[in-house]
Peer 1: 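Take this structure, written in structure tokens, and hold onto it; I'll ask about it next.
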Amino acid sequence: MIRIRGLSYVYALGRSREGRTALDGLDLDIAAGTMTILAGPNGSGKSTLFRLLSGLALPSRGSVEIGGFDLFAAPAQARALLGVVFQSPALDRHLSVEENLSLHGALFGLRGRVLRDRIRESLSWSGLTDRLPDRVGTLSGGLARQVELAKALMSAPSVLLLDEPTTGLDPAARRSFLEQLARLKREREMTILMTSHVFSEAENADRVAILSQGRLLAHDTPAALCGRLGRNVLVVNTPSEERARALLPSVAERLGHSCVLCGSEIRLELGRDEPPVPLIDAVLDSFRDEITGVAVREPTLDDVFVHLTGAGPGTSPFVPKPQMDLAS
């Protein structure tokens, strides 16, 4: 449904400065009726790709096809297939739910009974059917996001683009929003491409694409990506991110391994045949009173992300200093 070939984008920095490359010859295929999560560290090119796909910018080179239509040569036909939910809210908080949806529908030429039927259809999956008269500003964050999604569905799109749509939602609202997305994909055979920095959101996606420095590092199912890492992870839990950051150099030096910081956790990717028990004992012997626990577990998508990119949200790679050779 989405076919990207050789897509590049260079930000101009002025006559005397070389431009910054945000996307570098990207190739990516998104199959029809699938949900793909697009992940990557800050500066990876996610936002630039989203801007290009939603028609807000033109590429430096390369092509994009949506439903067989060239996005840049035949933009009207390609954009007619799209529904877009931006990260920043695009609702008028002073208007009611119905007024927001009616105004959006009018932009697509919807009037009268057709407009009313489309509003009802766009809200049929949500908990908003009895909240049409309510001002958007009185809704919770989760319900307001549902209005955003309903607005994107007013044009009956075949492809839905979402830019970190769960930002600011509490865990319950995030879970509900993702469940509704999965339901819409299933019932309407919709193709969904969503950027996210929360890796738990990618666990039930059909595929995950990971970008770094404008290039595609991986594109596969969540299970296949975790299986690709193929090794366990030692996790040292601490009371806080601040404490973990302070302990990181000492833990890495004690274990003689590179470690990474992930929030309040210090993580170590084990070698394929490396026994974890001596490492666990070393951590407990040296840091028992400063940590809240230590465990070995199978790799998650978060671990895959850190392994591929060398960094991630709340992640800081640390490589210990080499041990001195006393004989020299």
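Starting from 1, each residue takes its place in the sequence as its number. Everything numeric in this text was worked out from a predicted model, so none of it was measured.
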Peer 1: Looking at I37, is its backbone amide N or carbonyl O close enough to the side chain of S196 to form a donor-acceptor pair, meaning the two atoms are under 3.5 Å apart?
Peer 2: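 Pair absent, no side-chain N/O of S196 close to backbone of I37.
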Peer 1: Are any non-hydrogen side-chain atoms of T191 and L160 less than 4.5 angstrom apart?
Peer 2: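 A side-chain contact under 4.5 Å is absent here.
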Peer 1: Which residue pairs satisfy the side chain to side chain donor-acceptor pair (under 3.5 Å) criterion with at least one member in residues 25-45, sequence neighbours excluded?
Peer 2: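 Of all non-adjacent pairs touching residues 25-45, those that pass side chain to side chain donor-acceptor pair (under 3.5 Å) are R5-D29.
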Peer 1: Looking at E242, I'd like to know if its CD atom is crowded, meaning that more than 12 non-hydrogen atoms belonging to other residues, nucleotides or ligands lie closer than 6.0 Å.
Peer 2: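 Not buried by this count: 12 neighbours or fewer within 6.0 Å.
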Peer 1: For residues 216-226, which residue pairs qualify under side chain to side chain donor-acceptor pair (under 3.5 Å), counting only residues two or more places apart or in two chains?
Peer 2: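 Non-adjacent pairs meeting side chain to side chain donor-acceptor pair (under 3.5 Å): R207-H219.
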Peer 1: Quick one: do E189 and K185 make a salt bridge, cutoff under 4.0 Å?
Peer 2: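 Judged by the 4.0 Å cut-off on N to carboxylate O distance, E189 and K185 do not form a salt bridge.
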Peer 1: L270: what forms a side-chain contact (heavy atoms from CB on, under 4.5 Å) with it, not counting sequence neighbours?
Peer 2: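 Expected list: N232, L234, L268, E274, P276, L279, V296.
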Peer 1: Just by modelled atom types, is the V283 backbone N or O under 3.5 Å from a matching donor or acceptor in the S286 side chain?
Peer 2: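 No, the answer is negative, given that no donor and acceptor are paired below the 3.5 Å cut-off.
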Peer 1: In residues 47-68, what donor-acceptor pairs under 3.5 Å come from side-chain atoms, sequence neighbours left out?
Peer 2:
from : atom 1 : to  : atom 2 : distance (Å)
T48  : OG1    : Y11 : OH     : 2.9
S54  : OG     : F50 : O      : 2.7
S54  : OG     : R51 : O      : 3.3
S60  : OG     : V10 : N      : 2.9

Peer 1: Is there side-chain contact between W125 and L149, with at least one heavy-atom pair below 4.5 Å?
Peer 2: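 Yes, their side chains come closer than 4.5 Å.
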Peer 1: For S102, enumerate each residue passing the side-chain hydrogen bond (donor to acceptor under 3.5 Å, both in side chains) test, keeping only those at least two apart in sequence or located in another chain.
Peer 2: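 Scan of S102 (side-chain hydrogen bond (donor to acceptor under 3.5 Å, both in side chains), adjacent residues dropped) gives none.
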Peer 1: Is there side-chain contact between R135 and L95, with heavy atoms separated by less than 4.5 Å?
Peer 2: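 Answer no - side chains too far apart.
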Peer 1: Which pairs, with at least one residue in residues 144-154 and sequence neighbours excluded, count as a side chain to side chain donor-acceptor pair (under 3.5 Å)?
Peer 2: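 Of all non-adjacent pairs touching residues 144-154, none passes side chain to side chain donor-acceptor pair (under 3.5 Å).
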Peer 1: Quick one: ring pair (Phe, Tyr, Trp, His ring centres under 6.0 Å) partners of H104, sequence neighbours excluded?
Peer 2: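 H104 satisfies ring pair (Phe, Tyr, Trp, His ring centres under 6.0 Å) with F108 once adjacent residues are dropped.
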Peer 1: Closer than 3.5 angstrom, by distance alone: can the side chain of S122 be matched with the main-chain N or O of R118 as a donor-acceptor pair?
Peer 2: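 Yes, the answer is positive, given that a donor and an acceptor are paired below the 3.5 Å cut-off.
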Peer 1: Over all heavy atoms of both residues, which pair between V208 and A202 is shortest? Give the atoms and the distance, please.
Peer 2: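 The pair with the smallest heavy-atom distance is CG2-CB, 3.8 Å.
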Peer 1: Is the shortest side-chain heavy-atom distance between I119 and M154 below 4.5 Å?
Peer 2: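 In short, these two side chains touch, coming nearer than 4.5 Å.
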Peer 1: With a sphere of 6.0 Å drawn around CZ of R188, does it hold more than 12 non-hydrogen atoms of other residues, nucleotides or ligands?
Peer 2: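 Check passes, neighbour count above 12.
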Peer 1: By side-chain hydrogen bond (donor to acceptor under 3.5 Å, both in side chains), which residues pair with S155, not counting sequence neighbours?
Peer 2: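 Per chain and number, S155 pairs via side-chain hydrogen bond (donor to acceptor under 3.5 Å, both in side chains) with no residue.
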Peer 1: A side-chain contact here means heavy atoms from C-beta on lying under 4.5 Å apart; do F86 and P165 qualify?
Peer 2: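 No, every pair of side-chain atoms sits at 4.5 Å or beyond.
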Peer 1: Please confirm whether the backbone N or O of S96 pairs with a side-chain atom of E99, one donor and one acceptor, at under 3.5 Å?
Peer 2: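 At least one qualifying donor-acceptor pair exists.
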Peer 1: A282: which residues meet the side-chain contact (heavy atoms from CB on, under 4.5 Å) condition with it, sequence neighbours left out?
Peer 2: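 Testing A282 for side-chain contact (heavy atoms from CB on, under 4.5 Å), a comparison that skips the adjacent residues, returns R254, L255.
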Peer 1: Quick one: do the T195 and D163 side chains pair a donor with an acceptor below 3.5 Å?
Peer 2: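 Indeed, the side chains of T195 and D163 share at least one donor-acceptor pair under 3.5 Å.
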Peer 1: CD of Q77: more than 12 outside heavy atoms within 6.0 angstrom?
Peer 2: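 For Q77, atom CD is crowded (more than 12 foreign heavy atoms under 6.0 Å).
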Peer 1: Of all residues at least two apart in sequence or in a different chain, which pass the side-chain hydrogen bond (donor to acceptor under 3.5 Å, both in side chains) check with R243?
Peer 2: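 R243 satisfies side-chain hydrogen bond (donor to acceptor under 3.5 Å, both in side chains) with E290 only.
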Peer 1: Which residues pass the side-chain contact (heavy atoms from CB on, under 4.5 Å) test with D117, not counting sequence neighbours?
Peer 2: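 In terms of side-chain contact (heavy atoms from CB on, under 4.5 Å), with neighbours along the sequence ignored, D117 is linked to R113, R120.
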Peer 1: Mind checking whether N237 and V294 have side chains closer than 4.5 Å, heavy atoms only?
Peer 2: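 A side-chain contact under 4.5 Å is absent here.
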Peer 1: Check this for me: Q87, atom CD, are more than 12 non-hydrogen atoms of other residues, nucleotides or ligands nearer than 6.0 Å?
Peer 2: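 Counting neighbours around CD of Q87, more than 12 heavy atoms of other residues, nucleotides or ligands fall under 6.0 Å, so yes.
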Peer 1: Answer with yes or no whether the hydrophobic clustering places L153 together with L178; edges join I, L, V, M, F, W, Y residues whose side-chain heavy atoms lie under 4.5 Å apart.
Peer 2: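 Linked within one cluster.
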Peer 1: Would R297 and D303 count as a salt bridge (charged side-chain N to carboxylate O under 4.0 Å, His left out) if you check the C-alpha gap in whole Å, the side-chain angles of each, and the deciding distance to 0.1 Å?
Peer 2: CA-CA 11 Å; R297 57 164 173 73; D303 298 314; 2.6 Å; yes
Peer 1: Could you list the residues that satisfy side-chain hydrogen bond (donor to acceptor under 3.5 Å, both in side chains) with T21, not counting sequence neighbours?
Peer 2: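 Residues passing side-chain hydrogen bond (donor to acceptor under 3.5 Å, both in side chains) with T21: none at all.
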Peer 1: Test your reading of the model: is there a side-chain donor-acceptor pair from K46 to the backbone of G40, 3.5 Å cut-off?
Peer 2: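 Yes, because the side chain of K46 sits within donor-acceptor range (under 3.5 Å) of the backbone of G40.
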